[in-house]
Amino acid sequence: MSHGKTPASAEPTAGGQGTTDLLVMRDICKSFSGVPVLKDVNFTLRRGEVHALVGGNGAGKSTLMKIFTGVYTKDSGTVCVDGQEVHFKSYDDASQAGVRMIFQELSLVPTLTIYENIFLNNESLKGLALDRKEMRQMAGELLKSLGLDISPRELVSSLPVGYQQMVEIAKALSMNAKILVLDEPTASLTDAEVGMLFATMERLKAKGVSMVYISHRMSEILQVTDTVSVLRNGQVVLTAPTDQLDIPAIVHAMLGGSAEKSFEWVPRIHPPSDQLMLNVQNLQLNSIVKDVTFQVRKGEILGIAGLMGSGRTEILKALFGMEKVKSGQISLDGQPVNFRNVQQAVRAGMALVPEDRRREGLVLGHTVKANTIVTVLDQLLGGWMISEKKSNQLVNDKVAELNVKTDGINKTISLLSGGNQQKVVIAKWLAANPKVLLLDEPTAGIDIEAKGEITAIIRDFADRGNSVVLVSSELVELMAVCDRVIVLHDGVVTQNLDRHNIESEEVLQNAIQG
Amino acid sequence: MQSKVKQRVPESVLRPSLGDQVRAWLAHNNIIVYVAFIAVFILFSILLGSNFTSVNNVLNIARQTAMISIMAVAMTFVIGSGQIDLSIGSIAALSSLVAALILRDTGNILLALACALVLGAGIGLVNGLLNTKAGIPSFLTTLGMMGVIRGFAMWITNTAAVPIQNSTFNTIFGIGNVGGLPVLLLWTVVFAVVGYLLLNRMRFGRHTLAVGGNESAARFSGINTQSIKIRVMMMSGLFAAIAGVMYAARMQSGRWTFGEGDELSVIAAVILGGTSMAGGNGTIIGAVVGSMLMGMINNGLVLGGLSVAQQTIIRGAIIILATAIANRSNAKRQAS
């Protein structure tokens with residue numbers, strides 16, 4: 001990929017342009033125990049705009065937003081909302097002033113109905129009693145104004161994640177929010193739900209609500225935002241209208257030219273061999289995966305592209321013994337296999353890096369070490385017991401090999417950044433010396449530097465004659481990593497594209513849309 | 001990245017210094033139970049003097065707490081795996097009776113022991129199967145089992161106690177001494193060591209904590225989570241049966257009343273020791289010290305001449321206080 005455009009000027013837009021500027025943050029500084037995290041940051045949000053905030057993990061995005069929403073207090077600088085200087089001391093202060101954060105992990109009570117959630121702690125009263133009728137009516141109107149046709153009496157637990165997020169937005173609006181901060185709002189949404197969210201954002205813009213949009217997904221940013229600000233090392237390095245930017249320009253600003261090669265295709269050191277590793281014939285699992293056939297050669301990286309819900313995850317799970325195979329054959333290294341559980345799959349040399357690393361990949365309360373060795377305890381025995389020395393040796397080797405940034409192998413893994421957590425999930429499977437590594441969205445929600453490193457780890461693994469099956473929604477990633485990409489649509493493989501036949505992301509995108 | 005040199009880690013990293021080990025231990029363990037143990041010991045020593053500090057009294061505390069301590073070892077696995085077992089007190093009672101009956105009829109110690117232990121592990125197996133296969137939460141299966149087993153214990157002898165005249169049995173498992181130390185104390189040490197190694201140094205223990213910490217991630221890691229949960233419940237039943245054998249030998253009889261309320265003392269000891277109610281971590285030493293702390297408090301309150309009512313109130317209050325402090329220091333540790 002080449003740079004179509006040079007990044008626009010790094011000067012922030014001048015603040016104080018009359019009433020169009022809803023929020024102006026000027027010269028914000030913040031340090032944690034002496035380490036500066038934000039250095040003279042300027043950020044201006046105009047009325048009715050969607051403003052993307054982009055940056056690697058640790059660039060200062062979340063710190064800036066936490067200052068803005070009252071969770072942290074700034075060391076110096078000013079924050080003005082609607083021309084008035086404000087000093088938020090808590091999240092409630094910010095809420096009162098019309099600033100609301102839509103959390104990544106939703107803050108709804110699943111056992112309550114939609115309207116009860118919307119008016120939680122803000123209930124309408126008739127005397128001492130709850131005025132349920134009025135709350136239901138108001139909630140119904142709010143939902144309708146967001147373009148949602150659901151009853152406010154439904155339980156939140158019965159809603160798909162995308163709708164739950166809408167309820168969260170409705171809750172913010174019920175408190176007259178003027179500014180919404182959306183933190184990775186599409187991370188766990190299906191494509192249809194993403195479309196719904198974007199439509200809602202359009203409606204909100206029309207109403208004059210401003211939004212700060214935090215995301216790692218560049219294509220979404222180009223699609224829905226009006227302005228992009230890029231943070232790097234605690235400084236704003238780029239603020240420009242979105243229509244003057246493209247992905248390379250944003251990536252260039254984020255990385256400062258350091259690691260952008262990670263998204264470029266590099267010829268493989270050892271090209272794939274001609275021998276088959278994995279042969280999947282007419283695989284049928286359920287109503288989603290109807291008839292899937294594909295092969296993976298030794299040393300090959302195969303990508304699976306497809307819309308969310310196209311059965312990508314189910315195929316990986318079937319190869320890992322977690323999904324029942326209705327019909328069809330799977331053979332591994334020439335041997336027909338039929339895994340009935342994960343233990344059998346692991347023994348045969350399969351490994352799966354699951355989609356949701358926090359829920360499925362890691363025991364968050366345990367240390368880096370405990371998480372890494374859990375797959376290979378058998379190999380670490382010294383006599384009857386697990387050898388501490390062997391364990392430490394293995395974990396230290398893996399931490400060094402995958403460049404996991406941690407204070408030590410006994411650090412609790414929840415304290416590591418997302419990218420480093422993901423490296424540990426990969427490390428624990430590499431430790432088991434698998435023949436086939438299945439990866440489900442391995443770089444979702446992690447920063448771009450770690451993405452590059454994980455890409456390199458995957459290629460290195462394949463260069464040693466192993467095979468990789470990679471599922472990703474980031475088409476750029478598939479193009480950068482895979483030797484071949486198959487496209488799933490309606491439960492069957494519709495295309496089988498060699499790396500050389502994929503000229504651009506559009507080709508792949510069009511193939512997926514069917 | 002591809003060209004990244006694989007560094008060999010220096011030996012010094014693999015063999016951390018003693019200071020580093022102590023610091024790492026402090027960072028990962030809840031020390032409140034040890035501090036409380038020492039503080040309470042000093043307090044009672046000052047208030048009660050030699051009545052409390054005499055060798056005899058200290059050994060007596062060890063005797064009284066042995067069964068709770070041994071059951072607490074297994075309960076650490078149960079709670080660490082994210083489950084609970086309320087049936088252990090009842091299992092202890094039934095196994096004491098089974099052992100007593102077989103000794104009366106056959107005089108065969110090994111047979112009595114084997115039957116009691118197989119019974120305990122078998123009840124644990126049923127608990128585990130009900131939980132994993134029928135999907136009933138362990139709190140409910142073992143709550144029900146607590147009543148069922150206690151009822152069986154009352155039924156098989158029509159609530160009559162069964163005396164044990166086999167002095168070899170009584171000596172080995174209850175009233176004997178080795179080198180001046182009560183066998184009950186030695187058994188406690190043996191089972192604590194076994195539990196410690198099993199939890200910290202063997203696959204079963206690491207898998208148990210992984211299941212308790214995040215069952216889904218454990219399954220994705222290739223751990224047979226159902227098998228782990230069943231085996232943990234079997235271990236709990238087995239250890240409860242061992243405690244029942246010790247009750248029988250110490251009291252030289254089997255009785256349906258043994259172990260009543262023990263499940264709560266055992267859970268309290270485990271939580272006091274620093275194991276999280278939420279699962280995913282566990283400390284055997286903490287659990288045993290927690291058990292001895294509660295035994296010591298009981299003993300001190302009796303020596304201090306407090307009424308049963310007063311003892312009960314103070315014991316309850318101490319559990320609340322200690323867990324509150326432990327929670328605070330836990331939260332602090334995780335924040336750091």
Side-chain angles (χ1 to χ4, degrees), chain A residues 262 266 269 320-322 341-343 345-347 351-354 356-367 370-371 373-375 377-378 380-381 384-389 392-393 396-397 399-403 408-410 412 414-415 425 428-429 432 452-453 455-457 459-460 463, chain B residues 1-16 20-21 23-28 80 82 194 196-227 276 278-282 330 333-336:
Chain A
S262 55
V266 185
I269 300 173
F320 199 54
M322 297 185 97
N341 55 47
V342 179
Q343 294 83 52
V346 171
R347 241 173 278 137
L352 171 66
V353 174
D356 184 341
R357 73 173 165 273
R358 296 169 60 86
R359 219 172 54 76
E360 300 164 339
L362 295 168
V363 183
L364 287 172
H366 286 187
T367 60
N371 273 293
I373 64 176
V374 71
T375 50
L377 293 173
D378 284 340
L380 299 172
L381 297 181
W384 280 38
M385 279 177 270
I386 298 164
S387 155
E388 283 296 303
K389 200 181 156 189
N392 291 343
Q393 179 81 56
N396 277 308
D397 280 354
V399 162
E401 187 185 329
L402 303 195
N403 194 23
I409 61 173
N410 289 316
T412 307
S414 58
L415 302 174
V425 182
K428 82 175 187 185
W429 282 116
E453 288 178 319
T455 303
I457 293 163
R459 296 171 63 101
D460 184 51
D463 279 337
Chain B
M1 261 300 286
Q2 275 117 328
S3 59
K4 190 165 181 61
V5 185
K6 281 195 195 174
Q7 298 139 314
R8 210 61 192 165
V9 178
E11 192 73 1
S12 61
V13 176
L14 303 180
R15 289 246 172 84
D20 284 345
Q21 283 182 8
R23 264 189 293 279
W25 188 83
L26 284 178
H28 285 281
V194 168
Y196 178 87
L197 294 177
L198 202 54
L199 187 68
N200 296 294
R201 303 295 297 277
M202 293 190 197
R203 210 170 76 128
F204 173 61
R206 306 324 296 171
H207 282 183
T208 298
L209 296 184
V211 168
N214 183 347
E215 193 174 341
S216 183
R219 207 174 54 245
F220 271 89
S221 300
I223 295 172
N224 188 339
T225 55
Q226 295 207 342
S227 153
S276 151
N281 77 346
N330 252 343
R333 236 177 34 221
Q334 270 154 19
S336 68

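The figures here come from the full heavy-atom set of this structure, side chains too, leaving out hydrogens, waters and symmetry mates. Per chain, numbering begins at 1; letters A, B, ... match sequence-line order.
- Of the listed residues A/Ser414, A/Pro354, A/Gly365, the one with more heavy-atom pairs under 4.5 angstrom with chain B than any other is A/Pro354.
- Side chains of B/Arg203 and A/Asp378 form a contact here, defined as non-hydrogen atoms less than 4.5 Å apart.
- The main-chain N or O of A/Arg358 is found under 3.5 Å from a side-chain atom of B/Asn214 such that the two form a donor-acceptor pair.
- Side-chain contact between B/Phe220 and A/Leu352 is present, with heavy atoms from C-beta onward closer than 4.5 Å.
- With contacts defined as side-chain heavy-atom distances shorter than 4.5 Å, the pair A/Ile373/B/Arg206 does not qualify.
- Note: B/Arg201 leads B/Glu215, B/His207, B/Arg219, B/Arg201 in heavy-atom pairs under 4.5 Å with chain A.
- Counting heavy-atom pairs under 4.5 Å between each of A/Lys428, A/Met385, A/Arg347, A/Arg357 and chain B puts A/Met385 at the top.
- Of the two parts of B/Ile223, the backbone and the side chain both hold a non-hydrogen atom closer than 4.5 Å to a non-hydrogen atom of chain A.
- Checked by atom type and distance alone, the side chain of A/Glu360 never pairs as donor or acceptor with a backbone atom of B/Ala217 at under 3.5 Å.
- Atoms CG and CE, from A/Leu381 and B/Met202 in turn, are 9.0 Å apart once rounded to the nearest 0.5 Å.
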